[in-house]
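Predicted model, so just to flag it, every value in this text is computed and none were measured.
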Amino acid sequence: NDYEASIKVASTVEAYPKYKENRPGLPQPIRLAIPQAQKLTESVGMKTIMMEQEEADDIIGTLTKKCIMSNDEIQVKIMSPDKDFYQLIGPKLSIL
């Protein structure tokens, strides 16, 4: 959609072209679960964003930074087991 197209993601793959060189592709069970997860989140009023060739953590990190920089009142909470998000922790962001 237009919103997704307007996001310039701080891309790991772009910064480090060999980032995915020796990584296996997305496991089939996860690939099959994505449409179901998208339907579930949208059914409770949550927006989903999917961008080809971008890492989910890069998208989340970029959107988090934009939210925090654009609104002094916002508090962001990320629920993820990905320890890479720990580098984002600060007064306006916590990891659940």
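- Heavy-atom minimum distance, V76 versus C67: CG2-CB, 4.4 Å.
- I68 is connected to Y86 through a chain of hydrophobic side-chain contacts under 4.5 Å among Ile, Leu, Val, Met, Phe, Trp and Tyr, so both are in one cluster.
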Pair L93-Q75, side-chain contact (heavy atoms from CB on, under 4.5 Å): steps then yes or no: CA-CA 6 Å; L93 182 131; Q75 290 289 315; over 6 Å; no
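- Atoms CD and NZ, from E73 and K92 in turn, are 8.0 Å apart once rounded to the nearest 0.5 Å.
- When the side chains of ILVMFWY residues are joined at heavy-atom separations under 4.5 Å, either directly or via intervening members, I78 and L63 end up in two distinct hydrophobic clusters.
- Note that CG of D57 is 8.5 Å distant from CD of Q87, once rounded to the nearest 0.5 Å.
- Smallest separation of non-hydrogen atoms from K77 and L96: CB-CD1, 4.0 Å.
- Following chains of ILVMFWY side-chain contacts shorter than 4.5 Å, one can reach M50 starting from I30, so the two form part of one hydrophobic cluster.
- Hydrophobic side-chain contacts under 4.5 Å tie L32 to no other Ile, Leu, Val, Met, Phe, Trp or Tyr residue.
- If you take CD1 on I95 and CG on L88, they are separated by 6.5 Å, rounding to the nearest 0.5 Å.
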Under 3.5 Å, side-chain donor or acceptor atoms of residues 33-44 against the rest of the protein: list the pairs with distances, not counting sequence neighbours.
unit_1	atom_1	unit_2	atom_2	d
Q38	NE2	T48	OG1	3.0
T41	OG1	A37	O	3.2
T41	OG1	Q38	O	3.0
E42	OE2	T48	OG1	2.9
S43	OG	L40	O	2.7

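- Taking CE of M51 as the reference point, atom OG1 of T62 lies at 8.5 Å (rounded to 0.5 Å).
- In this structure, F85 is not a member of the same hydrophobic cluster as I59, with clusters built from ILVMFWY side-chain heavy atoms closer than 4.5 Å.
- Hydrophobic clustering of Ile, Leu, Val, Met, Phe, Trp and Tyr side chains at less than 4.5 Å, counting indirect connections, keeps I60 apart from I49.
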